[in-house]
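Here is the structure we will look at.
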Amino acid sequence: MKNSPSDIIEVAIPLPLDTTFLYRVPVELMPRTELGKRVLVPFGRRRVTGYVLGFATGEERELREVCDVLDDTPLFTRKELELYRWASSYYLHPLGEVIKAALPAGINVQSRRADANGDGDALTGGKQVKTEPVYGPAAAPPAVDAPRGKASLILDHLRQAEETTAAELRGIFGDCSLQLRRLRELGLVEVEAREIYRDPFRDETVTPDSPLALNAGQSEARDRIVDAIDTGRFAPFLLHGVTGSGKTEVYLQTIAHLLNKERTALVLVPEIALTPQLVNRFRRRFRCGIAVLHSGLSDGERYDEWRRIRRGEVSIVIGARSAIFAPLERIGMIVVDEEHEASYKQSEGFRYNARDLALVRGKMEHACVVLGTATPQVTTWHAATTGKLALLSLPDRVNGLPMPHVEVIDARGHKGEAILPPLVEGIDANLAGGGQTLVFLNRRGFATWLTCEECGHVLRCPNCAVTLTYHQRRNRHVCHYCDYAIPAPSVCPECGSTQVTHLGLGTERIEELVRERFPEARVDRMDRDTTRGKGGHARILRKVAERKTDILIGTQMVAKGHDFPGITLVGIVSVESTLNIPDYRSAERTYQLITQLMGRAGRGLDAGKVIIQTFNPDHYALTHAGTGLLEKFYTTELAFRQETGYPPFVHLAALCLTGTAAPSVEQESAVLAGHLRTLRRELSSRVEILGPSPAPLTKLRGRFRWQTLLKAPERPALHRLLAALRSSYAPPSGIRLQVDVDPVDLM
DNA sequence: AGCACGCCGACT
DNA sequence: GTCGGCGTGCTC
């Protein structure tokens with residue numbers, strides 16, 4: 001059959017394929033075919049779900065026919081498709097998979113293998129609309145005698161109430177399924193299945209609040225954002241406010257202004273499961289519909305929230321990373337709270353960064369984008385100082401307290417002492433004064449490594465720059481990335497000192513030490529191990545809030561989000577684990593961590609105190625954090641980045657080969673490196689390949705990972721190289737080539 | 001990603 | 001002589 005020009009559609013398929021496909025729409029499906037709907041299409045020997053991207057023309061080939069249109073209403077708009085297309089090309093990821101990731105999980109029809117005729121294949125999965133039976137009087141009741149007894153009471157009730165859910169009837173009449181069935185059989189009562197939403201907040205009530213008075217900084221920030229909203233143009237902001245400076249109130253009041261203009265707001269938070277307070281504040285302030293999207297919801301709940309948004313029933317969406325794809329229309333503002341958080345980056349599959357996409361979507365929607373944080377990313381800060389983002393500062397804590405006093409303790413030459421005298425004395429004094437203490441130790445995932453307590457030297461892999469992990473059994477230090485290993489040295493290879501020690505004390509060990517040293521104190525610990533299970537966080541936090549804990553020992557997680565209103569001393573046992581991560585952002589991360597912890601200290605009239613123990617007391621990430629002079633750190637760090645050639649002065653991307661089965665990955669990576677060199681020549685661009693290092697192979701638990709970094713002075717050159725590579729290089733089966741378009745986590 | 005086609009070892 | 005291993009290639 002010949003194709004007529006208007007019955008051809010372009011379809012994206014959620015498979016790792018870089019192309020889209022064309023199909024012919026049979027005449028009977030034409031009326032239902034629309035951009036944004038899913039279709040079932042023949043694909044090779046099977047049938048799969050695809051997404052309609054639009055109509056195509058000028059195709060002479062014989063095309064296969066669409067089997068079915070799977071949706072009554074489109075799942076995405078033309079505008080949302082524009083965002084998907086942008087993300088697909090920027091992140092070099094197949095459009096179909098991007099769309100799949102953007103839509104709520106679990107709605108996709110899973111295509112099954114087709115038999116010879118192409119039919120008979122069972123479709124599984126699909127919609128999960130939940131319904132409940134709703135009873136009502138029949139529109140045209142037959143002329144029969146009404147039943148007596150309970151059934152007649154029920155009928156009367158239904159006639160009065162028009163329609164009633166089964167649950168309500170059960171509440172009034174008890175179990176009445178028999179009577180209802182009888183009434184239906186008589187044709188006096190009708191039942192329909194009505195869609196209901198699974199509401200994660202069904203049982204919660206909130207007490208409304210009203211806008212709070214703003215301090216000078218907050219007012220100015222609000223006014224500038226409100227002005228931007230009124231112009232109706234794209235306007236990106238960095239809202240830089242120390243912890244406790246009242247950023248949320250600025251969000252709330254600017255969003256209130258926005259809602260009056262019939263526009264909507266999208267609020268991204270790093271881990272919504274950990275920030276119920278924020279959601280609560282929004283629910284207390286606004287009476288409009290609010291949807292919440294995060295990983296703690298079941299597929300069904302998330303789908304229901306998604307449908308509420310799609311239907312325009314909400315004006316505010318609060319959610320984690322993936323909420324950047326929420327089907328919200330007329331967006332006037334996108335907030336990215338704690339924009340420095342690494343969890344905005346999806347690091348598997350479709351590797352997008354929601355913080356970056358927020359700016360892109362904001363631009364497409366002519367919206368304001370507000371990046372809020374006390375500790376901006378260095379690149380964000382740079383964008384603000386060069387005028388790409390408008391800088392809004394909230395310099396004051398809402399409670400009026402100055403920033404806490406910071407003391408950096410040089411731990412070099414104190415082998416074996418986990419908690420040094422100044423910190424012990426600090427804790428003693430704080431206990432005596434009735435204050436609570438937070439003892440922080442960032443000891444996640446990294447096993448022990450070797451450091452010199454005289455000179456601060458750390459044993460690293462010469463190939464991979466990661467710290468070497470000590471293996472006691474072999475008495476060797478081993479690189480977990482390339483298997484490089486050396487015998488355990490007895491003296492520091494740098495300065496010859498015998499004061500070499502293993503770092504890697506964990507919170508458990510610290511807890512033990514603290515309990516020994518402060519036997520009268522009530523000690524608690526908060527880390528992944530002690531908060532496991534539901535309500536684990538809440539239990540520990542409640543004890544702290546009720547002042548049933550004197551000393552709280554914690555990891556990373558205490559630095560984020562929670563309020564500890566009684567803490568007057570923060571002791572940082574060591575920052576080395578963060579500082580020694582082989583990542584060009586390790587200084588930035590350390591600075592952020594310390595600053596976030598500083599925000600935990602202080603209450604009442606007491607600004608609080610922070611004591612940092614370290615082998616690197618002169619490191620600028622510590623000294624500048626200690627002064628509280630934020631600009632100083634950023635200026636120093638930016639100078640360093642410029643000198644060494646790191647973002648924001650160059651663009652980085654990583655190429656990764658990952659997989660489970662490979663005959664020879666070394667060989668494979670050599671092939672890839674060859675392609676890279678050829679492409680670089682052809683592009684005659686200034687792309688620098690930082691690797692592969694002599695031992696590029698990574699083997700972890702049977703899986704391998706090979707990674708190399710690419711560096712270029714301008715993004716287009718880098719992007720062209722990556723795009724060309726993805727189309728020219730076909731990895732063998734079992735291996736996938738992934739591209740991390742923005743800076744990677746390691747090396 | 002599937003699923004086929006295609007060319008080499010141990011079995012009814 | 002076949003059944004089956006997964007290497008390579010394609011899917012509008």
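- A/Y23 comes within 4.0 angstrom of the backbone, heavy atoms only, and of no base.
- Contacts between chain A and DNA chain C, taken as any atom within less than 4.0 angstrom of a protein heavy atom, begin and end at C/dT8 to C/dC12.
- Counting to the nearest Å, the C1' atom of B/dA1 and the CD atom of A/Q738 are 14 Å from each other.
- Residues passing the side-chain contact (heavy atoms from CB on, under 4.5 Å) test with A/V69 are A/L29, A/R32, A/T33, A/K37, A/V39, sequence neighbours excluded.
- Here B/dC3 presents its P atom at 13 Å from CZ of A/R47, a figure rounded to the nearest Å.
- For A/Y84 and A/F350, the ring centers are positioned 6.0 Å apart or more.
- In this structure, A/K711 has no salt bridge (Lys or Arg N to Asp or Glu O under 4.0 Å) partners at least two apart in sequence or on a different chain.
- Applying the salt bridge (Lys or Arg N to Asp or Glu O under 4.0 Å) criterion to A/E329, with sequence neighbours excluded, gives A/R310.
- Residues passing the salt bridge (Lys or Arg N to Asp or Glu O under 4.0 Å) test with A/E10 are A/R85, sequence neighbours excluded.
- In this entry the distance linking CZ of A/R45 with C1' of B/dA1 reads 17 Å, nearest Å.
- Partners of A/K363 according to the salt bridge (Lys or Arg N to Asp or Glu O under 4.0 Å) rule, which considers only residues two or more places apart in sequence or in another chain, do not exist here.
- Between the base of B/dA1 and the side chain of A/R46 there is a donor-acceptor pair shorter than 3.5 Å.
- Residue contacts for A/L17: at a heavy-atom cut-off of 4.0 Å it reaches a base atom on one of the strands shown.
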